[in-house]
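A, B, ... follow the sequence lines: proteins, then strands. Residue 1 opens every chain.
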Amino acid sequence: MYGLADCNNFYASCERVFDPSLVGRPVVVLSNNDGCVIARSNEAKRLGIKMGDPYFQIRDLARRNRVAVFSANFALYGDMSHRVMSLLRRYAPTEVYSIDESFLDFSGMEGIDFDAQGHEIARTVRRYTGIPISLGIAPTKTLAKVASKLCKQYPKLGGCCFMHRPQDIEKVLRRFPIGEVWGVGRRYEKLLTTHGIATAWDFTQLPPQWVQAKMSIVGLRMWKELRGEACIGFEEAPADKKRIATTRTFAHDTADPEEVHRCVAQYAAVCAEKLRHQHSLCGEITVFILTNRYRESAPQHYESRLRKLSVPTDSTLELTQHAAQLLRSIFRTGAAYKRAGVILSDLRPKTGVQTDLFDPTDRLRHDRLMQVMDRMNGMYGRYKIVTAAAGTEFFTMNRNHLSQPYTTDWEHITRVKCTR
DNA sequence: TCTGGGGTCCTAGGACCC
DNA sequence: TCTGGGGTCCTAGGACCC
């Protein structure tokens, strides 16, 4: 049996935990740069605010309806996520699937009262963190996802839905829109509905050969999972990333090569730090730049360039240098850039590296420098120590509605006043 | 004025090798 | 009448996820 614990409207709920006056009020959280809506409380959903809506388009609506608006505070959400996940881990092995979702592996626990246990888990998480969750429990991961969605739809379920008897599953799937199934995106939804498949149940009645032909092996797996055959594995240990990217939209369009250069150097530095964090080296680096696609009258330019490195590295110094050179080779004078990014790929574990006989870089010195830099940044806050290429003028982002780092900074810990 | 960011997996087709 | 065939690696593109 698998569980899927999904935090309800996670970012919005995090903001609410630290400001209870927001309970009952619509809340939205915006992406970097305060660009788009990336989380909404139920009240905000009811106002018709959609995921990905540009903020400027809903600003008036938000104002009229006293919507509480927040800039994304990922430090806070990451920390809250850890708290939730560590509570879940008390009950079963967990596979952290995303910042707000975790699978639980209940195999070997057959015979326990899953319904009671599930409600207990949901209550505990709520009590200890303030975050409401929807826990679906079912024979496969895909069905657990369905059950979790059911919880959200029916608050009466009390945060947990245990779904295991074939007749119950059939009843649920017959009313479950195909487009809401885990693994069915816009394209597959369209394909399936044009073939008369409206619900998850219809899908399970298709011939498997057809499913595989149209939707590849992934579709077939989904088909089996919905029919109760578990075929998506459970991975407790998070796998190393296969690529690491840092990409940002700028606060404003810019044609200034120096400004773009600073940003790209900083993205490369952030990538390198992530890379060292997972103890990997990269064999490839890509830089891309992009003009503002919404400004159609202006000249458009997108270009990306990849460089294979003769010796894999995790050094900020090297990677910022490569990034700068790649950028220079693609930067077009006169174009107003809106967005840039650095992507590291061909990642491999740091142990057992093939070195280059003619390698001019003193890698041991680089390593020691990087260690000191990471340690100091860990102690004194991120990006206190940076390389000259990245500069001290950190890339600017519009974050006009930022909440406090309540749980990650002593200065901002919530004060509780006791009155007798 | 103002439109996010970071990932994964699968498949088809071309290049290349023997 | 009729061009060999099978394997591997790489890349681009498409689909999806949160």
Find the distance K149(A):NZ to dC18(C):C1' and express it as a whole number of Å. 11 Å
At 4.0 Å (heavy atoms only), tell me whether K145(A) reaches a base, stays on the sugar-phosphate, or touches nothing. sugar-phosphate
Hey, does D100(A) reach any base, or is it just sugar-phosphate, or nothing, if we go heavy atoms under 4.0 Å? sugar-phosphate
Side chain of E101(A) only, heavy atoms from C-beta on: which candidate in dG4(B), dC18(C), dT3(B) is closest? dC18(C)
State yes or no: are the ring centers of Y2(A) and F103(A) separated by less than 6.0 Å? no
Distance check needed: dC18(C) P versus F74(A) CZ, whole Å only. 16 Å
Taking the same atom, C1', in dC17(B) and in dG4(C), what whole-Å distance lies between them? 14 Å
Rounded off to whole Å, could you give me the CG-to-P distance for the D34(A) and dT1(B) pair? 18 Å
When you measure from the side chain of K241(A), which nucleotide among dT8(B), dT11(B), dC2(B) comes out closest? dT8(B)
T140(A) side chain to E225(A) main-chain N or O, any donor-acceptor pair under 3.5 Å? yes
Residue whose closest nucleotide on DNA chain B lies nearer the 5' end, G35(A) versus Q212(A): G35(A)
Starting at CG of N33(A) and ending at P of dT1(B), how long is that distance when rounded to a whole Å? 17 Å
Nucleotide nearest Y188(A) when distance is taken to its side chain, options dG4(B), dC16(C), dC2(B): dC16(C)
Please tell me which of the listed nucleotides, dT3(B), dC18(C), dG4(B), lies nearest to the side chain of N32(A)? dG4(B)
Please report, rounded to the nearest Å, how far the C1' atom of dC18(C) is from the NZ atom of K141(A). 14 Å
Whole-Å distance, M215(A) CE to dT11(B) P, equals 13 Å
Strictly below 4.0 Å: does R295(A) bring a side-chain N or O up to OP1 or OP2 of dC2(B)? yes
Choosing from dC9(B), dC18(C), dC2(B), which nucleotide comes nearest the side chain of R221(A)? dC9(B)
Measure the spacing between CZ of F70(A) and SG of C14(A) and express it to the nearest 0.5 Å. 11.0 Å
Would you tell me if any nitrogen or oxygen in the side chain of R187(A) comes within less than 4.0 Å of OP1 or OP2 on dA15(C)? yes
Compare all side-chain heavy atoms of D105(A) with those of E95(A) and state whether any distance is below 4.5 angstrom. no
Can you see if the side chain of K308(A) gets near the phosphate of dT11(C) - specifically, an N or O under 4.0 Å from OP1 or OP2? yes
Assign K190(A) to base, sugar-phosphate, or nothing according to its heavy-atom contacts below 4.0 angstrom with the strands shown. nothing
Ignoring the backbone of I38(A), work out which of dG7(B), dG4(B), dT3(B) is nearest its side chain. dG4(B)
Side-chain N or O of T247(A) versus OP1/OP2 of dG6(B): is the shortest distance under 4.0 Å? yes
Counting any heavy atom closer than 4.0 Å, what does Y55(A) reach on the DNA or RNA strands: base, sugar-phosphate only, or nothing? nothing
Answer with base, sugar-phosphate or nothing: what part of the nucleic acid does I244(A) contact at a heavy-atom distance below 4.0 Å? sugar-phosphate
Taking the ring centre of each residue, are Y337(A) and F331(A) less than 6.0 Å apart? yes
Proximity to the side chain of R248(A) - top-ranked nucleotide from dG5(B), dT3(B), dT8(B): dG5(B)
Within the structure, does a side-chain N or O atom of K338(A) lie under 4.0 Å from either OP1 or OP2 of dC2(B)? no
Rounded to the nearest angstrom, tell me the gap between atom NZ in K214(A) and atom C1' in dC10(B). 17 Å
The nucleotide from dC18(C), dC10(B), dG5(B) with an atom nearest the side chain of R339(A) is dG5(B)
Tell me the partner of dC18(B), counting only Watson-Crick (N1-N3 plus N6-O4 or O6-N4) or G-U wobble (N1-O2 and O6-N3) with both under 3.5 Å; none if nothing fits. dG5(C)
What about F250(A) and H252(A), are their ring centers closer than 6.0 Å? no
Of D253(A) and A245(A), the one whose closest nucleotide on DNA chain B sits nearer the 5' end is D253(A)
With the side chain of S216(A) defined as its heavy atoms from C-beta on, choose the nearest nucleotide among dC10(B), dC9(B), dG5(B). dC10(B)
By centroid distance (under 5.5 Å) and plane angle (under 30°), are Y294(A) and dT3(B) in a stacked arrangement? yes
Please tell me whether Y11(A) and F74(A) form a close aromatic pair, meaning their ring centres lie under 6.0 Å apart. yes
Quick one: label V96(A) by what it contacts on the DNA or RNA (base, sugar-phosphate, nothing), any heavy atom closer than 4.0 Å. nothing
To the nearest Å, how far apart are D60(A) CG and dC2(B) C1'? 12 Å
